[in-house]
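Okay, structure first, notes after.
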Amino acid sequence: HFVPSAAVVYRPQGEDSVESMQRYLRKQFNITAEDHLNEYLYVPSVIISVKEFPILANGKPNRKAVSQLIFDKIDSQRYDTS
């Protein structure tokens, strides 16, 4: 099951709520409330903030580690009973 998701670097001075990021993307892609397909394709339902991306020895972002952070977040939401 595919869950649209994103990871962003946290900036203390910025507005970083999931909702504000989703609103920004809807505006950038001109996605209306009726446009469910583009909403699904371009607006992540899961957004995580990290202080910095995990880096490989060659200096590139560790995409597998970022994916694992996202999977962990999805799993924690799936089994959250609060």
Side-chain angles (χ1 to χ4, degrees):
H1 189 292
F2 175 76
V3 177
S5 54
V8 296
V9 174
Y10 170 75
R11 291 197 169 80
Q13 69 278 10
E15 183 183 350
D16 65 340
S17 73
V18 169
E19 293 81 14
S20 68
M21 289 184 232
Q22 289 170 331
R23 274 193 309 275
Y24 172 80
L25 291 169
R26 284 185 198 101
K27 184 177 178 182
Q28 291 301 308
F29 290 107
N30 296 316
I31 297 172
T32 63
E34 298 81 26
D35 195 356
H36 299 292
L37 178 59
N38 282 329
E39 170 88 14
Y40 178 77
L41 292 174
Y42 297 109
V43 181
S45 58
V46 175
I47 300 175
I48 63 165
S49 294
V50 294
K51 289 185 180 183
E52 59 186 36
F53 287 116
I55 302 295
L56 296 169
N58 63 6
K60 294 182 179 181
N62 185 336
R63 296 172 77 178
K64 279 188 175 183
V66 172
S67 292
Q68 188 59 52
L69 291 171
I70 292 169
F71 290 138
D72 291 346
K73 173 73 171 184
I74 292 168
D75 280 344
S76 71
Q77 288 178 345
R78 182 180 304 155
Y79 298 112
D80 184 14
T81 57
S82 56

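For reference, positions follow the sequence shown, starting with 1. The structure presented is a predicted model; accordingly, all values stated were derived computationally and were not measured.
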Discussion item. Taking side-chain hydrogen bond (donor to acceptor under 3.5 Å, both in side chains) as the cut-off, I'd like each qualifying pair that reaches into residues 25-36, sequence neighbours left out, listed once.
Written reply: Arg26-Glu39, Thr32-Glu34, Asp35-Asn38
Worksheet item: Does Leu56 belong to the same Ile/Leu/Val/Met/Phe/Trp/Tyr cluster as Val9, with side-chain heavy atoms less than 4.5 Å apart forming each link?
Response: no
Worksheet entry | Joint cluster assignment, Tyr24 & Tyr40, ILVMFWY side-chain distance < 4.5 Å | yes
Discussion item. Taking salt bridge (Lys or Arg N to Asp or Glu O under 4.0 Å) as the cut-off, I'd like each qualifying pair that reaches into residues 42-62, sequence neighbours left out, listed once.
Written reply: none
Worksheet item: Judged by atom type as modelled, is there a donor-acceptor pair below 3.5 Å linking the side chain of Ser5 to the main-chain atoms of Pro44?
Response: no
Response to the item:
Heavy-atom closest pair (Phe53 atom, Ala7 atom, distance to 0.1 Å) is CZ-O, 3.6 Å
Worksheet entry | Heavy-atom closest contact (Gln22 atom, Ser45 atom, distance) | NE2-CA, 3.8 Å
Worksheet item: Run the side-chain contact (heavy atoms from CB on, under 4.5 Å) check on Leu25 and Ile31 step by step: do they pass?
Response: CA-CA 8 Å; Leu25 291 169; Ile31 297 172; over 6 Å; no
Discussion item. More than 12 heavy atoms of other residues, nucleotides or ligands under 6.0 Å from OH of Tyr42: yes or no?
Written reply: no
All N/O donor-acceptor pairs, side-chain side in residues 61-71, below 3.5 Å, sequence neighbours left out:
{"residue": "Asn62", "atom": "OD1", "partner": "Lys64", "partner atom": "N", "Å": "3.2"}
{"residue": "Asn62", "atom": "OD1", "partner": "Ala65", "partner atom": "N", "Å": "3.0"}
{"residue": "Ser67", "atom": "OG", "partner": "Arg63", "partner atom": "O", "Å": "3.1"}
{"residue": "Gln68", "atom": "NE2", "partner": "Asp72", "partner atom": "OD1", "Å": "2.8"}

